[in-house]
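Every heavy atom of this structure was used, including side-chain atoms; hydrogens, water molecules and symmetry mates were not. Proteins come first, then strands; the chains are lettered A, B, ... in the order of their sequence lines, and each starts at number 1.
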Amino acid sequence: MTRVRPGGLALGAALLVALVGLSAWHATQGTTQLGVTELLGWLAGEQGNTAVIVESRLPRIAAAIVVGLALGAAGYAMQTLTGNPLASPDTLAVNGGAGAAIALAAVFGISLPGIGGAGLAFAGGLIAALLVVAIGRGRGSTTQMVLVGTALALALQSVTTVAIILAEQETAGLYAWGVGQLSQNGIGTVAQLLPLVLLGIAALLLLSRRLDVLALGEEAATIVGVGVGRLRLLTLVASVALAAAAVAIAGPIGFVGLAAPIVVRLLVARIPGAGRHLVAIPLAALAGAVLVVGSDVLLRAVLPASAALDVPTGVVTSLVGAVCIVVLSRTIAGANETESMTVLGSRTMARRAWVPIVIAALVLATLTIGAVLLGDRMLLLGDVANWLGGRAGDAVRVTLDTRTPRVAAAVLAGVALAISGGLVQAVARNALADPYLLGVAGGAGLGAISVITLAPAAVGWMVAGGALGGGALAGALVLVLVGWRRLGSLRLVLTGLALSAGTAALTSMLIVVTDPYNQAKAIVWLAGSTYGRGFEDVVPVAVTLVVAVLALTWMHRDLDLAQLDESTPRLLGVRLSAVQVVALVVAVALTSTAVAAIGVVAFVGLVAPHAARAIVGARHRALLPLAALLGGTLTLLADTLGRTLIAPAQLPAGVMTALVGIPYFIWLVLQAGRAR
Amino acid sequence: MSKRTLLASAAVLSALVLAACGTTEPSGPAATDEPSGEAVTVTDARGVEVEIPAGVEDVVALEWVAVEHLQTVGIVPVGVADAAGYVDWSGTGAPLEGEPTDVGTRTEPSIDAIAALAPGLIVAVAGRDEGAYADLEAVAPVLVLQGADAADPIGTMLADLRLTAEATGTADAAETAIGEFQAHLDEVEDQVEEAGLTGTPLAHMDGYENGGQVEIRPYAKGALLPAVLEEVGFTNAWPGEGDPQYGLGISDVEGLTALPDDAQIIYMTVGERDVFTEQLATNAIWTGLPTVQAGKVHRLPDGIWLFGGVSSMTAYVDAVVASLAPAP
């Protein structure tokens, strides 16, 4: 047997003590005045409060503990499995799948008694994760699986958003659940899923010896005779089952499966013998439990009990987890190493780059004309001519007056996001980097939604200003936390990811607290909608684009060098840091104004530059124009489909970009895998 | 990519362009029929002065309560946001009249669809952003109703009805409806007294279930429902606070132990998703509530809009009385 050294035991004991203490505190919190005295009385045999304690307090504690254990263990195993610290239930789409399943059930009026609802969440999460594995399995690096998972999670999130928008009445309360809530309707759900969680953790512990070897690298594992394929499959099944069980109990509680394992990884690296999976997995599980219980205690200690019902626990775990990751990304092993851009293939400049660029421009032009004609009411070119000449009738005039700014907003925001994504990827040299993942889009969204909720009469420039402020703040925070010299590191992505989750949590909190009965408005806005946009809303992004194009014309060669590595540009006399900072500033301005114009659109900044790079190679002279055209096309297409498909009802462009772009993105990832 | 491909694309493109030429409307100046009579100017819930042509007929309603107010004063809207949802959630208390065009969701109604109806007036409820109003105002005058205000829920409902009437020149119809509503409340108050129910504490609550979790939203002081119930002699059993607009509170099952022992619970939902009979059936806190043990939980008929106007509220009090004191 593995020898456990005292260090690991001590850490485990400390976590256990913390967990017991927090749980005891937790038991005294709730929506009724039932505190320590009553609890002690119940322990001594008083019956008066039994129902509340047994059906409300204890199930909630049990849920918090079990969810934390499951997520901590699952996250740790997923990270070893993929060799990627970004792997977690969130990035393998477990949470997204569960959310979508629940949303669809609500829309179709399906109500299952008992723990049926939880079972639905479990099935949804499991199916989504299996889909990710089926798509990503055996196709090159594990980063690709995380990419596929992130993409699928976004798509599933869009499904949930669509459900909330189209069936506002039927999905009441779903938004809060989707952020992660611990309320329990009796002990049933936890009791039924506990065996599964214990089984999952036991399975991981049985596999721990072989996971130790796998952690050393796939080759080492094969040499020692570990069946890597089978080990992977078993670990995956166990950890996905754990994560799905957690969602079934409490909804998608964010970031625990990412934060708890990272904390433990950092700690056990300093304790001899504790790095073995047999020790580390239970430690990660305990850390997860402490994180979830602690967050819930914090929430209920800070806010009055009924307000604490409005603010889901997942908001707090996301915030706590975000802080953890930001702190740890400064010290975690490998976080300062630079990632290469090779994941999605980067050829040099294609020989005739102008051909695809011209074609893309033609396509965008055609689609723009089409978008002006298409809509709830179809128009013909003659109508547009009349409108331009001021001769159109009322209905046509009004239709085009409102439709053209939306088309312009979609195209310009798409262009801005794509260029921004290209810049961020060049600076970070990381396939996962995009303005959304770096927290800039999230910051801009938070800024804008703050202005909208706190100043009800806010319009145009105020919202843009809020977005720019939020985006710039998030960008500056990332820079300060990461440091100038580590822009090309994994630390940048980790910090950005943390910030992204943190701002998303704060945004949810703002929506849930300020306007619990009008969530649809904020959701629509956050999902990236061109609804109600006028030309005045488009001006900020247009102005920024002009400035950005000028700046990039001047510095595109420096960017070509900057994306290679740290030393080459310096050897060639390029002031690397300055180039990187300018590129990031431009990227932040582009993203923020785009977010102000059409809301948080998640996918364009990631997919457009990738596609462009695959077609014309990595030279920015060709890459950025093509990315811009592709980004504009994608957003425009999404907006047009959103306006026309189910007219007169409409879907936000951001939802549609996810649904339109993701199949392509997954195909792209798989292509890169095959090319290896 | 060859030149041939380019040429082919160009050919297809120009073919498409040619095909898309023409217009969807008759050429020449559109015949704008000038409305007869004076325009009406009213100040709406935004504090904006809205000028509406006299005798306006084609009206679009973007919220369900606006549909009801319009129907109450005798105007059948030509366009309604989420008409199917209206039938489900509001159609029993205030049945949908005519066959209005669906103009999209209540959150993002389609400007195209509304413009195509060429309405004379659009009635909305406060809470949308300015950009949307600006687009709508290009189509027709926009009258924004207050919708709800926990400081004076019934007064707000009646003020919205009167504002709708003033804007559409139907003040008499509104006063008649309000008179009938108040007379009906008086009648019901007598019924309640006869049935010996005066002073009965009632708690109206919504219940949601998502992923097996149960969330309760009770109507607190300031909400329209308890205010109407108090008018007919009941009291509000829910002790908690609500939000400043709708007067809605929030609770979990544990929080329900705050209900007085003699409270009656009433709720409404649509379809099979019934938290109170499904998810709570096995919950010991719920089944242990004195109210529940005494069988004092009542589901109202589907389709009475709980944020509606005088017709919905009339149907509501009638339904409450009918379920508390079934006719012999």
Side-chain angles (χ1 to χ4, degrees), chain A residues 30-32 51-52 54-56 102 106 109 111 113 115 117-118 121 165 168-169 172-174 177 181 183 185-186 189 251 306 309-310 355 359 362 366 373 375-377 379-383 386 393-396 398-399 401-402 457 459 517-518 520-521 524 531-534 647-650, chain B residues 1 9 13 17 20-25 30 85 89 102-108 110-113 115-116 118 127 129-132 134-135 138-139 208-215 240 243 246 248-255 257-258 271-274 278-285 288:
Chain A
T31 42
T32 50
V52 167
V54 173
E55 291 283 320
S56 177
I102 296 299
S111 176
I115 76 151
I165 289 166
E168 192 186 345
Q169 209 65 34
L174 179 64
W177 178 85
Q181 269 185 329
S183 302
N185 176 32
T189 311
S306 61
L309 289 177
D310 269 334
V355 178
I359 291 175
L362 282 177
T366 315
L373 300 183
D376 192 357
R377 180 195 164 99
L379 297 177
L380 294 172
L381 283 178
D383 294 316
N386 282 347
D394 276 352
V396 167
V398 167
T399 301
D401 277 352
T402 57
V459 276
Y517 313 103
N518 193 10
K521 181 180 88 178
V524 161
Y531 190 81
R533 297 298 119 188
Q650 16 200 327
Chain B
M1 260 339 135
S9 331
L13 194 66
V17 168
C21 279
T23 64
T24 58
E25 54 183 5
W89 291 90
D102 192 319
V103 296
T105 60
R106 290 184 289 156
T107 314
E108 291 195 336
S110 162
I111 311 279
D112 291 7
D129 64 50
E130 285 297 317
D135 281 353
V139 180
Y208 309 130
E209 178 266 339
N210 285 300
Q213 295 180 353
V214 173
E215 184 182 300
D243 74 294
Y246 293 99
L248 277 166
I250 183 169
S251 175
D252 55 5
V253 185
E254 177 181 335
T257 53
E272 299 302 307
R273 278 167 68 89
D274 186 336
E278 297 286 333
Q279 279 74 26
L280 291 182
T282 54
N283 185 303
I285 300 180

Handout entry: Residue, of B:Ile111, B:Val214, B:Asn283, that accumulates the most heavy atom pairs under 4.5 Å with chain A
Key =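 Looking at each option in turn, the highest pair count goes to B:Asn283.
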Practice task
Heavy atoms only, distances under 4.5 angstrom: which of B:Val103, B:Asp102, B:Asp112, B:Thr257 has the most pairs with chain A? Name it, please.
Solution key: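 Highest number of pairs under 4.5 Å: B:Asp112.
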Handout entry: Heavy-atom proximity to chain A below 4.5 Å, by part of B:Glu254
Key =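 For B:Glu254, backbone and side chain are both near chain A.
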Exercise for the section: Examine whether an atom of B:Ala113 lies under 4.5 Å from a heavy atom of chain A, and if so say whether it belongs to the side chain, the backbone or both; otherwise answer neither. Expected result: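 Contact with chain A is through both the backbone and side chain of B:Ala113.
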Problem - Under the side chain to side chain donor-acceptor pair (under 3.5 Å) test, residues paired with B:Ser110 that sit two or more places apart - result: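 Side chain to side chain donor-acceptor pair (under 3.5 Å) check on B:Ser110 returns A:Asp376.
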Problem - Counterpart residues, side chain to side chain donor-acceptor pair (under 3.5 Å), relative to A:Thr399 (two or more places apart) - result: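 By the side chain to side chain donor-acceptor pair (under 3.5 Å) rule, A:Thr399 matches no residue at all.
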Problem - Point-to-point distance, once rounded to the nearest 0.5 Å, from CD of B:Gln213 to CD of A:Gln181 - result: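 Rounded to the nearest 0.5 Å, the CD-CD separation comes to 5.5 Å.
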Practice task
Of all the heavy-atom pairs spanning A:Leu373 and A:Leu381, show the shortest one and how long it is.
Solution key: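 A:Leu373 and A:Leu381 have their closest heavy atoms at CD2-N, 3.9 Å.
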